[in-house]
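Take a look at the structure set out below.
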Amino acid sequence: MKNDTDFAELSEIDRRHWLHPVVALQQHEERGATIWTAADRIHLIDADGRRVQDAFSGLWCVNVGYGQESVVRAATEQMRKLPYSTGYFHFASEPAIRLAGRLTALAPEGLTRVLFGQGGSDAVDTAIRTIRYFFNATGRPTKKHFIGLQRGYHGSSAVGSGLTALPLFHKHFDVPGPQQHHIPSPYPYRHADGPDPAAVLASTVRTLEAKVAELGADNVAAFICEPIQGSGGVIIPPPGFLAAMRATCDRLGILLIVDEVITGFGRTGPLFACAAEGVTPDVLTLAKGLTAGYAPMSATLITEELYRGIAGAGRDGTPFGHGQTYAGHPVSAAVANAVLDLYTDGGLIENGQRVGRYFESRLKELEALRCVGEVRVRGLLGAVELVADKTTKAKPDPALKMGQRVLDHASQNGLVFRAFGDDILGFAPSLNYTEADVDVLIERLRASIAHVFS
Ligand SMILES: Cc1ncc(COP(=O)(O)O)c(C=O)c1O
């Protein structure tokens with residue numbers, strides 16, 4: 001690499017060689033990349049030295065904000081001391097062991113064991129493999145089907161992408177498979193039985209029961225859901241949703257997987273969203289905020305019952321055939337421990353809760369706009385759903401790409417967030433935001449909406 005960065009050259013290499021995640025590939029070849037060169041607190045800095053406020057924590061992951069020296073120090077020291085050690089062969093490292101202990105202590109009671117991985121997709125795949133193994137190993141080999149929610153997102157692995165329920169992750173990829181099913185999203189604003197929350201909740205319970213009855217409870221392994229559906233458009237289910245799903249899964253004799261890859265680590269206020277409803281899932285998937293994006297890592301937490309089931313199958317000495325080279329990576333684990341310190345001792349959870357309440361009230365103000373159908377927000381996770389007609393809830397013509405235009409205008413004016421395909425704008429400010437940062441966000445967002453809809 002040369003010292004004086006030639007951005008035109010970089011852009012050319014990018015166009016020719018990097019197949020980017022989840023972009024229209026030919027469009028990317030024409031458009032080229034926006035190259036970020038540095039970041040600081042809540043700002044990204046681009047190739048021209050422009051500072052842009054990040055209202056999406058990277059990809060809803062940099063929960064602690066940029067430039068946290070304690071995290072950088074933990075990574076550097078760990079790289080110097082022990083840059084790698086495997087978890088195979090009964091080997092281990094101090095940061096990974098400490099992290100396993102801390103996570104199981106902080107997670108909802110009953111989740112006693114953790115499988116480390118590299119990211120959210122991997123955490124979900126690990127959940128699926130572990131559950132299949134558990135039912136086969138404990139003499140219930142017919143329990144194979146998985147049920148998720150429409151608009152759910154659970155990553156893009158070969159199997160997990162079938163539990164995701166967003167069309168572009170399915171088309172041409174031969175998923176969902178025959179053992180993967182989806183029931184309607186508990187989306188009060190657009191639900192057939194909405195918007196009354198109690199009716200939406202009752203309907204979701206009924207449809208899960210009906211799907212399990214159709215498949216036969218002996219054939220169903222688990223139901224999977226996010227506490228708030230992130231990539232599906234920040235869909236906030238009615239209050240009591242997780243508790244109702246827990247009770248329904250118990251009644252039906254199926255497992256509950258709660259995917260907190262986005263909602264974990266203070267994103268919605270509490271450390272984990274399921275704890276706020278007093279729910280312990282059978283499997284909890286975590287990533288993103290675990291390391292706040294400073295290094296890749298995920299964690300799949302399971303109950304002691306699941307652990308005993310899978311451990312018992314190896315009583316003859318057969319190893320549990322699941323793992324990866326980087327499972328429990330010491331540098332990622334050291335980063336995660338430093339990030340956990342920021343949440344707990346560093347006051348970031350409290351700051352996120354206080355600023356989250358302010359963000360909720362400020363974002364809700366936009367609901368008064370004619371082009372905004374609904375604002376959904378909990379803590380530092382929010383969405384603005386754009387509409388062409390507030391009364392009929394009709395969406396803008398997709399060809400007009402209104403959401404993308406609002407984002408384009410905002411990013412030219414110093415603010416990035418996310419525009420989902422269906423004119424829903426997504427927000428996930430980091431937990432180190434101040435009230436003044438929220439004011440800047442709202443002001444720039446409001447100006448961009450006004451510009452595009454004028
Ligand atoms: C709820 C949920 N699960 C899983 C994933 C997949 O995580 P990753 O992109 O790290 O593979 C995501 C990513 O956004 C997610 O939001």
Side-chain angles (χ1 to χ4, degrees), residues 19-23 56-63 115-131 146 148-166 168-170 173 175-176 180 182 185-187 222-237 241-242 245 256-268 272-274 281 283-301 324 326-327 329 332 335-336 339 376 378-383 417-421 424 426-428:
L19 202 158
H20 283 250
V22 196
V23 301
F56 207 65
S57 299
L59 192 59
W60 9 49
C61 58
V62 189
N63 288 14
L115 299 96
F116 288 119
Q118 288 71 232
S121 302
D122 175 38
V124 169
D125 247 36
T126 292
I128 297 168
R129 286 198 95 219
T130 305
I131 288 172
F146 287 78
L149 292 173
Q150 288 164 11
R151 301 184 84 96
Y153 186 69
H154 303 290
S156 65
S157 67
V159 179
S161 57
L163 293 179
T164 287
L166 303 175
L168 63 102
F169 290 85
H170 290 173
F173 285 110
V175 284
Q180 298 179 316
H182 299 100
S185 164
Y187 183 6
F223 171 70
I224 183 168
C225 64
E226 302 154 83
I228 289 176
Q229 298 190 281
S231 301
V234 189
I235 310 296
I236 305 184
F241 166 74
L242 284 178
M245 292 302 108
L256 172 66
I257 309 168
V258 174
D259 185 349
E260 291 228 36
V261 165
I262 288 178
T263 55
F265 303 103
R267 171 62 50 214
T268 68
F272 301 112
C274 56
V283 179
L284 175 67
T285 50
L286 303 171
K288 296 196 189 271
L290 171 61
T291 50
Y294 281 61
M297 187 175 226
S298 63
T300 302
L301 277 71
Q324 310 92 3
Y326 299 129
H329 194 285
S332 296
V335 164
V339 165
R376 298 182 282 276
R378 182 167 314 152
L380 289 165
L381 182 59
F417 44 89
R418 180 153 178 195
F420 297 107
I424 297 173
F427 302 87

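First listed ligand is number 1; within each ligand, the first listed atom is number 1. What you are looking at is a predicted structure, and each value in this text was computed from that prediction instead of being measured. Below, all heavy atoms of this structure are taken into account, side chains as well, without hydrogens, waters or symmetry copies. Count residues from 1 along the sequence.
Here E260 has no heavy atoms under 4.0 Å from ligand 1, in either its backbone or its side chain. Under 4.0 Å from ligand 1, heavy atoms of S121 appear from its side chain as well as its backbone.
Annotation: D122 places no N or O atom under 3.5 Å from an N or O atom of ligand 1; distance criterion only.
Proximity of a side-chain donor or acceptor of Q180 to a complementary backbone N or O of V175 within less than 3.5 Å is not detected.
Aromatic ring pairs are classed by plane angle as parallel below 30°, tilted from 30° to 60° and perpendicular above 60°; the pair F427 and F417 is tilted.
Y294 contributes atom OH, which lies 10.5 Å from atom CG of N63 (distance to the nearest 0.5 angstrom).
Listed by number with element, the atoms of ligand 1 under 4.0 Å from a non-hydrogen atom of I262 are 16 (O). In summary, the atoms of ligand 1 found under 4.0 Å from a heavy atom of G119, numbered by their order in the structure, are 10 (O). In summary, the atoms of ligand 1 found under 4.0 Å from a heavy atom of E226, numbered by their order in the structure, are 1 (C). Near H154, meaning under 4.0 Å from one of its heavy atoms, ligand 1 places the atoms 3 (N), 4 (C).
Heavy-atom distances between Q229 and ligand 1 stay at or above 4.0 Å for every pair.
The option from Q118, K288, M297 that lies nearest to atom 14 (O) of ligand 1, judged by heavy atoms, is K288.
In this structure, the protein non-hydrogen atom closest to atom 10 (O) of ligand 1 is G120 N, 2.8 Å. Nearest non-hydrogen protein atom to atom 3 (N) of ligand 1 is D259 OD2, 2.7 Å.
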Go through F116 and Y326 one step at a time and tell me if the ring pair (Phe, Tyr, Trp, His ring centres under 6.0 Å) criterion holds.
CA-CA 8 Å; F116 288 119; Y326 299 129; over 10 Å; no

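Scanning both residues, C225 and L242, for their nearest heavy atoms gives SG-CD2, 3.9 Å.
Defined by atom type and a distance below 3.5 Å, a donor-acceptor pair is missing between the side-chain atoms of R151 and S231. Between T263 and E226, the side chains place no donor N or O within less than 3.5 Å of an acceptor N or O (distance only, hydrogens not considered).
Of the options D125, D259, L284, V283, a side-chain contact (heavy atoms from CB on, under 4.5 Å) to T300 is made by V283 and by none of the others.
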